Amino acid sequence: MTFKALLATKSEGQVSASIVDLQEQDLMPGDVTVRVEYSTVNYKDALAISGRAEVIRQFPLIAGIDFAGVVEASQHPGIAVGDRVLANGRGLSQTHHGGFAQKARVNGDWLVKIPEVFSTQDAMAIGTAGYTAMLSVLALEHGGITPARGDVLVTGANGGVGSIAIAILSGLGYRVVASTGRIDEHEYLTGLGAAQIIDRRTLSEKGAPIAPEKWAGAVDSVGSHTLANVLAQTQYRGVVTACGLAQGLDLPGSVLPFILRNVTLAGIDSVNAPREARLQAWSRLASDLDLGKLARTTQVVGLAEVPAVAGRIFEGKVRGRVVVDVNA
Ligand code: NDP
């Protein structure tokens with residue numbers, strides 16, 4: 001029995017990805033085998049299969065940092081045949097075969113049971129981007145940011161992390177300001193719950209080390225000057241979360257927001273987040289994310305379309321979340 005997979009290979013320094021037929025014996029060791037139903041294309045997947053960043057550490061490797069599906073075989077305590085499970089990050093698409101395939105075999109510790117309210121497709125509509133958005137919201141809460149404290153800014157608003165962060169935060173009662181380079185998408189953003197939309201160009205150039213206070217909190221997936229300016233504009237004792245580098249991986253700011261305003265910069269990592277943090281994030285997604293809004297962020301493609309979607313991500317043409325139906 002063969003299954004289809006998007007296999008990344010490297011030749012003369014060039015990374016490419018193509019669909020191949022593999023057999024179960026080609027899978028890597030693990031105590032749970034999953035019949036994958038859906039995966040998703042994140043920014044990191046685009047980096048991986050384009051070779052723009054060294055996400056994949058060994059070739060050939062099945063790409064895809066997420067998957068959701070049904071357990072086919074398990075020797076892992078607590079995980080049974082027929083369970084609906086998902087995986088985000090860990091070694092997927094780095095050192096272990098990933099989710100762009102009809103089958104996956106992993107260590108059961110990497111798996112989270114999909115909350116009842118979500119289908120396997122919903123789980124991947126959320127995917128790493130949405131789970132990272134939830135980790136960011138949890139960090140704001142941990143820092144004491146409540147709706148009463150004031151506006152929360154979300155940068156990279158049309159992206160995966162940004163879209164889901166807006167939906168969660170607005171559902172929790174925050175007044176959300178969305179920063180975007182695609183002002184023409186205002187209907188989409190207000191539909192997700194953004195109360196105000198600002199042009200990302202107001203944040204993307206070098207700014208003052210400290211600036212008038214605007215944000216009680218912020219969810220940033222952009223980095224670089226944007227993150228430095230957001231920090232400079234954050235209110236006394238505000239919290240800014242940083243998970244991404246869509247503008248750049250530099251942080252050209254000053255310490256003034258920290259030492260004058262007691263601002264907290266909270267780093268967010270989804271890949272190696274401890275199990276308790278993952279379970280908490282998925283449980284909060286189940287209670288706090290509106291499924292109607294999630295559906296609005298989502299489009300579904302087949303496995304063969306993944307490389308083209310990755311290209312569109314770098315052109316800034318992908319809105320929200322792209323789910324991959326691995327059986328289409
Ligand atoms: P997307 O590609 O879906 O979204 C990124 C968004 O950033 C774009 O839609 C765009 O929003 C904005 N953007 C793109 N280029 C620029 C630029 N040059 N300057 C300013 N804004 C820009 O990516 P994801 O949401 O999936 O991921 C966002 C970031 O977060 C990535 O860097 C990714 O690697 C990182 N990430 C990190 C994780 C972690 O564990 N730390 C987990 C998940 C993601 P708009 O058009 O609205 O301006």
Side-chain angles (χ1 to χ4, degrees), residues 42-44 47 52-55 128-129 132-147 149-166 168-169 174-183 189 194-273 313-314 316:
N42 298 277
Y43 192 90
K44 187 173 170 186
L47 290 173
R52 281 199 194 200
E54 285 184 19
V55 174
T128 289
T132 301
M134 192 73 230
L135 290 173
S136 307
V137 172
L138 289 169
L140 293 182
E141 291 180 348
H142 182 72
I145 305 306
T146 60
R149 290 276 298 273
D151 290 358
V152 172
L153 178 71
V154 174
T155 63
N158 274 289
V161 174
S163 294
I164 308 276
I166 294 169
I168 298 168
L169 287 164
Y174 291 88
R175 185 175 186 278
V176 182
V177 179
S179 165
T180 182
R182 288 179 267 177
I183 296 284
L189 296 171
Q196 188 186 338
I197 292 155
I198 62 170
D199 191 324
R200 77 181 191 199
R201 283 176 302 185
T202 60
L203 294 166
S204 58
E205 302 296 327
K206 184 168 175 47
I210 199 86
E213 297 176 49
K214 290 186 177 170
W215 324 114
V219 172
D220 179 62
S221 58
V222 169
S224 193
H225 288 297
T226 300
L227 177 55
N229 287 323
V230 171
L231 286 165
Q233 296 174 0
T234 296
Q235 292 167 13
Y236 193 78
R237 301 212 103 189
V239 178
V240 177
T241 66
C243 74
L245 40 64
Q247 183 180 7
L249 50 75
D250 53 339
L251 181 49
S254 85
V255 296
L256 292 187
F258 310 119
I259 64 178
L260 296 183
R261 297 223 177 112
N262 211 158
V263 166
T264 298
L265 176 57
I268 304 295
D269 166 54
S270 65
V271 179
N272 293 307
I313 283 181
F314 294 130

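This structure is a prediction, so every number in the text was calculated from the model and none was measured.
The salt bridge (charged side-chain N to carboxylate O under 4.0 Å, His left out) pairs that include a residue from residues 149-163 are D151-R175, where partners are two or more places apart or lie in different chains.
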Self-check item: Criterion side chain to side chain contact (heavy atoms under 4.5 Å, CB included) on V230 and V222, from CA distance to verdict
Solution: CA-CA 11 Å; V230 171; V222 169; over 6 Å; no
Practice problem: Show your working on side chain to side chain contact (heavy atoms under 4.5 Å, CB included) between F258 and L231 and close with a plain yes or no. | Solution: CA-CA 8 Å; F258 310 119; L231 286 165; 4.0 Å; yes
Practice problem: List the steps and the verdict of side chain to side chain contact (heavy atoms under 4.5 Å, CB included) for L260 and Y236. | Solution: CA-CA 8 Å; L260 296 183; Y236 193 78; over 6 Å; no
Practice problem: Go through W215 and V240 one step at a time and tell me if the side chain to side chain contact (heavy atoms under 4.5 Å, CB included) criterion holds. | Solution: CA-CA 9 Å; W215 324 114; V240 177; over 6 Å; no
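Atom CZ in R200 sits 8.0 Å away from atom OG in S179 (nearest 0.5 Å). Between atom CG of residue L227 and atom OG1 of residue T241 there is a gap of 9.0 Å, rounded to the nearest 0.5 Å. A distance of 11.5 Å separates CD in E141 from OG in S136, rounded to the nearest 0.5 Å. Remark: L245 CG to S221 OG distance equals 9.5 Å, nearest 0.5 Å. Atom CG of residue L135 and atom CG of residue L140 lie 11.5 Å apart, to the nearest 0.5 angstrom. In this structure, CD in Q247 is found 9.0 Å from CG in L203, a value given to the nearest 0.5 Å.
R261 places a side-chain N or O within donor-acceptor distance of the main-chain N or O of A232, the cut-off being under 3.5 Å. Judged by distance alone, the side chain of T180 and the main-chain N or O of R182 form a donor-acceptor pair under 3.5 Å. With hydrogens and angles ignored, the 3.5 Å screen pairs no side-chain donor or acceptor of N42 with any backbone N or O of K44. No donor-acceptor pair closer than 3.5 Å links the side chain of Y43 to the backbone N or O of V161.
In this view, Q235 and E213, A216 satisfy the side-chain contact (heavy atoms from CB on, under 4.5 Å) rule, not counting sequence neighbours.
The shortest distance between side-chain heavy atoms of S270 and T128 falls below 4.5 Å.
Of all heavy-atom pairs between A139 and I268, the closest is CB-CD1, 3.8 Å. When all heavy atoms are compared, the tightest approach of P209 to L256 is CB-CD1, 3.9 Å. The minimum heavy-atom distance between V152 and Y174, with the atom names listed, is CG2-CD2, 3.6 Å. Taking both residues in full, the closest heavy atoms of D199 and T202 are given as O-OG1, 2.7 Å, listed atom of the first, atom of the second, then distance. Of all non-hydrogen atoms in D250 and S224, the two that sit nearest each other are OD1-OG, 2.7 Å. Here the closest non-hydrogen pair linking A194 and A178 is CB-CB, 3.9 Å.
Remark: of the listed residues V176, L153, T155, L169, L169 is the sole one forming a side-chain contact (heavy atoms from CB on, under 4.5 Å) with V219.
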